[in-house]
Structures are given as C-alpha cells and as structure tokens.
There are 2 protein chains.
Amino acid sequence: MDERWQALKPDEAQSTPLYLQFARKLADAINAGWWQADEALPSERTFSDELGISRVTARKALDVLLEQGLIRRRHGSGTFITPRLEQPLSRLTSFTEMLKQKGFEPSSVWLERSIATPTHDEVIKLGLSPTAQVVRLKRQRLADGVVMAIEQSTLPLAYLPDPQAVGSSLYAFLDAAGHPVVRALQHIRAVNAGPDIAASAGIKQGEAMLLMTRIGYTADNVAIELTDTWCRNDYYDFVAELRR
Amino acid sequence: MDERWQALKPDEAQSTPLYLQFARKLADAINAGWWQADEALPSERTFSDELGISRVTARKALDVLLEQGLIRRRHGSGTFITPRLEQPLSRLTSFTEMLKQKGFEPSSVWLERSIATPTHDEVIKLGLSPTAQVVRLKRQRLADGVVMAIEQSTLPLAYLPDPQAVGSSLYAFLDAAGHPVVRALQHIRAVNAGPDIAASAGIKQGEAMLLMTRIGYTADNVAIELTDTWCRNDYYDFVAELRR
DNA sequence: CGTTTTTGATACCTTCTTAATACCAGTTGT
DNA sequence: ACAACTGGTATTAAGAAGGTATCAAAAACG
C-alpha cells in the first residue's frame, strides 16, 4: 500500500497548486481502479496524514472531484467513488455546465430571438406539422468574455411560447418548463466559416470550424430542439474514448 | 530543466523587444506540450529570476499570450495554460463504417512507409524515450476509388520493426503481432487543408477538413499508435448519441 | 532637437493557496 | 447511550502568486 501513497503525493517543487496536483493524481488512481465502486476512499484525515498535506488541501482536491461527479460524500460516513454506470462517458452537458466545471465564466449575447416559419429541413428533423411555427434563438457563446461558439437553436413554438423568456441556459429553461432534454443525436462536420459566422465569431472568413448539429429529444422521444453550433476550432476539442 | 530555461531566454543583442522574443519562445514551448492543460506555468517571478529579465518584461510577454487565449491567469494562484473545451462523444460511428455497411468498397494506397526520428510532439504523446525511433505510415483512404481521407500513423519502432510488413489493416497487424489496441483516445478538430494534404486528398487548399487524432493503447496501457486522419468534410460526418 | 512612445525596473497592493487549529454534525458499532 | 469514527465549517495566519502604479532610460518620431 505504501507505493500507492507515494504515487498520490503532490510535488512541492511544481508551481501547480498542491490541491490541483493531488486532485489529478487521485482522479487517475480512481480511473485506474484502485478502489471498487461504492467502496469508501480513505478519509480526509488519512490522506492528510499519509501525504503530509493539510486536511484543507486534501479536502479541496476532493471538492474538485466532487464537482466532476467522480466521487460522492456522505456526511459522517465517508467518501465514495461514484459507480461507473452512473457516470456515462458522454454526458449530455450544456455549454453553461461544461464551462463552469472548467472554471470559466460562461455568458452569452443574444443575436436573435424570434418566431419564424420553419425551413423544410427543420420540419423534417423536428417532425413538425406543416403549419407549425418555431422559435429561433441565435447567440454568441462566451467564456470569460471570449467568443467560443455561435449557436442557433430552433424549437417548436408549442414548447417555448415566449422566446424572450429564455435566460442564459436553454437547457435550464427546458428543465424548468417540464420538458428536459434527456437524449441527443449529434453530428459533427468541418466547415469553412462564412462571412456572417466569421464576423460573429471574431475570426477570419474561410477559417475551419467545427459545425455540431444536435437534435435533442425529451423523455417521450419527441424532438424538441435543433441546434447548430459553430465551434471555434482553437478552443474546442471533441474527445471520444473507444474500447473494444 | 536547465536546457528549458536556455531555450526560453531572449537575446539581448537582437533588436526585437525582449518581451516579444520571450512571448514567442514561450508560445512555442506551450504548443510543444511542455506543460499539460490546466497545469500552472512557472510564476512571473520565476521567469524573471531564471531568465535574467525584469518581471514586467516577463509579464508583458504573458500579456501577449493571454491576448491569444493561450493562457489564463488566476490572481493569487498562478498562470495556467488554457484547457480546450472538451466535448465528450461516445458510440462514435464514422461515415466510413456507414459506407461499408452500404456496400462501398474501401481501399488504400500507401504514400509513405519509413523509419524516422519522432517529432517533439510525438515523443510527448507516445511517451517515447528521446532516442527512440518510430515508423511512419501514410496512406490515402479510398471508397470506390475516391479519396476520402489521408491517414498518417506513427508507431514506436520497437513494436513494428519492418514498416513494409504492414498489410492493408494496421490493427489486424498489431493483433497478429500480439499488441492489440484495446482502448483509444480520439480527438477531433477542424483544420484548413494545407498544400500537401489538399493535393493528396484532391481538394482545394484551405478547404475545411476534420482532423481526427487517435492515440491507441495496448492492454497494459502503453501508447502504441498515434494516428492523424484528415477527413474530407464532404464525405465525413461523425454521429454521437448523448444521454444524461 | 524636443516630444512621444516603447521598454524595462522597482515598489507596493490585492488575492489565493496552504496550513494549523478548533469545533460542529452526522454515522456506525459497541 | 456512548465512543470513535466520518465529513462540514469557521478562523487565523504566513507566504506566494498575479495586479498595478510609478519612474527612468532608450528608442522612435515629428
């Protein structure tokens, strides 16, 4: 067991804060399967004693992992690692959630909030009736004040009577309205930035961008959201882990 | 660590301002992967002391990188390199697989099979020793005779002594050699096609392409394969299903 | 030649991390 | 009911990090 503590020990000489170092190492250890799912981790005091760090530092590292959903704490009982089944590899997270997790300050600027007649493409993809109308939302997505993506969402008017009512998070709004998105199909392509998108995103025209097209479904399998997101390629990284 | 400082040191004799020289060198170092995402850079005072420049100079250089979004500063904490926004994907199916299912005939043409000295980037990503050599494989991927993607794989020479021995499937070869890839991390970005890739892929220079970078791991968690695949955006469309 | 801008150095301020405590509040086993 | 764990919270303090204001020399410019 002793080598294990060694591997978790943060390095004082590095300039990265101790708690971040420890958080990373502990996350690696958990992912490497050092502890069984639902097994208690060593207590905060044990970490503190064995690694020669203060309990506050150990605790702050655990806070990070808690934020990532890797562990769960039970007051008086202990800290447990979250069973893998409950943390699907590809969680459907909103832009807002993802940024907060990364320590950025998310914000958005509305470019458009209007009611419109759907295009043919939208009618098909959202399974609309020919006469239905839609709400169109277009905005810049910012992290710490920097434009990271341009997002255009289309929703059936029936689910979103007032376009102005949406706050900073569309998903939060849909949750509150009783129509949470639980599943989504996402297509990813590369496109050259057109003049309008380039201008909104603050990049040169023709620059390569990732175009993510997502169709969100509610629990009863109704397509409720069609979102095109043009992602600035220098800030986004799409990651997939494959196993066989 | 000492050679590193040497490489960052600006040259007083040059006419370009010290802080610009330093900014450039530091940016190169970051791009070369000297520090991990979310890791802290040395402090401004450390740079100042080690490089024999004033703290303001070091700071002005960091200002430049901050402007470029390469780094983030946290008052009282340190300077960190900006993490990319990771968008997790799973159940990723590529268009080639769909093509196969639809009955297209995949094939490939070798462009290069050689032994080479790894780039700095490859050394980092494959965890190589500085003296190790690698095999480089480059080929066109075709479907019914049309170029769909350009693929360049890099493997440690130790695992693949003879580049010519690889048949049409790299994975089949590795399986037979007793080093099957069981897990892979795949990153997807958008890039503008450079002159060489454009020529090989039969498209115009500057056209947006999907660049898929895959690192394959064996059962004992050793990185054995680094593959860059430039996918023609008119033929590729990655699909992922997300849940929460 | 004088003026303005750039560059670099110094000193001081604010904020964050880390640590050392102490104490509170649930949980568990005896 | 109790003792001995667990996590949760608050306080204090020192040290280290980025933030900022000021000034001097050098370069660029009119």
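Chain letters run A, B, ... following the sequence lines, proteins first, then strands; residues in each count from 1.
Map B:Gly76 and B:Gly52 each onto its nearest nucleotide of DNA chain C; the residue landing nearer the 5' end is B:Gly52. Heavy-atom nearest nucleotides on DNA chain C were determined for A:Leu20 and for B:Arg55, and the one closer to the 5' end corresponds to B:Arg55.
Rounded to a whole Å, the CZ atom of A:Phe47 is 15 Å from the P atom of C:dA19. Rounded to whole Å, the distance from CD on B:Glu44 to C1' on D:dG15 is 16 Å. Between B:Phe22 atom CZ and C:dT7 atom P there is a gap of 16 Å when expressed in whole angstrom units. Taking atom CZ of residue A:Arg59 and atom C1' of nucleotide C:dC24, one finds them 12 Å apart after rounding to whole Å. One can place NZ of B:Lys60 at 7 Å from P of C:dG8, the figure rounded to the nearest angstrom. Computed from coordinates, the B:Gln21 CD to C:dG8 P distance equals 9 Å when rounded to whole Å.
OP1 or OP2 of D:dG18 has at least one side-chain nitrogen or oxygen of B:Thr79 nearer than 4.0 Å. Of the side-chain N and O atoms in A:Ser77, none sit less than 4.0 angstrom from OP1 or OP2 of C:dT27. Between B:Ser54 and C:dT10 there is no side-chain polar atom (N or O) within less than 4.0 angstrom of OP1 or OP2. Look at B:Tyr19 and you'll find a side-chain N or O under 4.0 angstrom from OP1 or OP2 of C:dT7.
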Can you pull every protein N or O that's under 3.5 Å from an N or O on nucleotides 11-14 of chain D?
none

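Distances from the side chain of A:Arg45 to the nucleotides D:dG7, D:dG19, C:dT27 place D:dG7 closest.
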Ignoring hydrogens and angles, write down the donor-acceptor pairs under 3.5 Å from the side chains of residues 192-202 of chain A, residues two or more places apart or on other chains.
from     : atom 1 : to       : atom 2 : distance (Å)
A:Asn192 : OD1    : B:Ala208 : N      : 3.0
A:Asn192 : ND2    : A:Gly206 : O      : 2.8
A:Asn192 : ND2    : B:Gly206 : O      : 3.0
A:Ser200 : OG     : A:Asp196 : O      : 3.0

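Across all strands shown, A:Ser43 has heavy atoms under 4.0 Å from sugar-phosphate atoms exclusively, and none from any base. Across all strands, B:Leu62 comes closer than 4.0 Å to no nucleic acid atom at all (heavy-atom distances).
Figure legend: B:Arg72 and B:Phe80 shown without cation-pi pairing, the cationic atom not lying both under 6.0 angstrom from the six-membered ring centre and within 45 degrees of its axis.
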Could you please spell out the steps behind the side-chain hydrogen bond (donor to acceptor under 3.5 Å, both in side chains) verdict for A:Gln14 and B:Glu39?
-> CA-CA 9 Å; A:Gln14 278 194 292; B:Glu39 200 177 345; 3.1 Å; yes
Carefully, step by step, assess A:Thr229 and A:Arg141 under the rule side chain to side chain contact (heavy atoms under 4.5 Å, CB included).
-> CA-CA 10 Å; A:Thr229 310; A:Arg141 292 295 213 163; 5.9 Å; no
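Under the 4.5 Å side-chain criterion, counting only non-hydrogen atoms from C-beta, B:Pro42 is in contact with B:Trp35.
Taking A:Glu44 as the reference, A:Arg55, A:Arg59, A:Arg73 meet the salt bridge (Lys or Arg N to Asp or Glu O under 4.0 Å) condition, with sequence neighbours excluded. For A:Asp234, the salt bridge (Lys or Arg N to Asp or Glu O under 4.0 Å) partners at least two apart in sequence or on another chain are A:Arg232.
Among residue pairs with one or both ends in residues 174-202 of chain A, those qualifying as ring pair (Phe, Tyr, Trp, His ring centres under 6.0 Å) are A:Tyr159-A:His179; sequence neighbours excluded.
Across B:Asp63, B:Val64, B:Leu65, B:Leu26, a single residue satisfies side-chain contact (heavy atoms from CB on, under 4.5 Å) together with B:Ile71, and that is B:Leu65. Applying the side-chain contact (heavy atoms from CB on, under 4.5 Å) test between B:Val181 and each of B:Ile224, B:Ile215, B:Thr218 identifies B:Ile224 as the sole match.
DNA chain D is contacted by B:Arg73, B:Arg74, B:His75 of residues 66-75 of chain B, taking any non-hydrogen atom closer than 4.0 Å.
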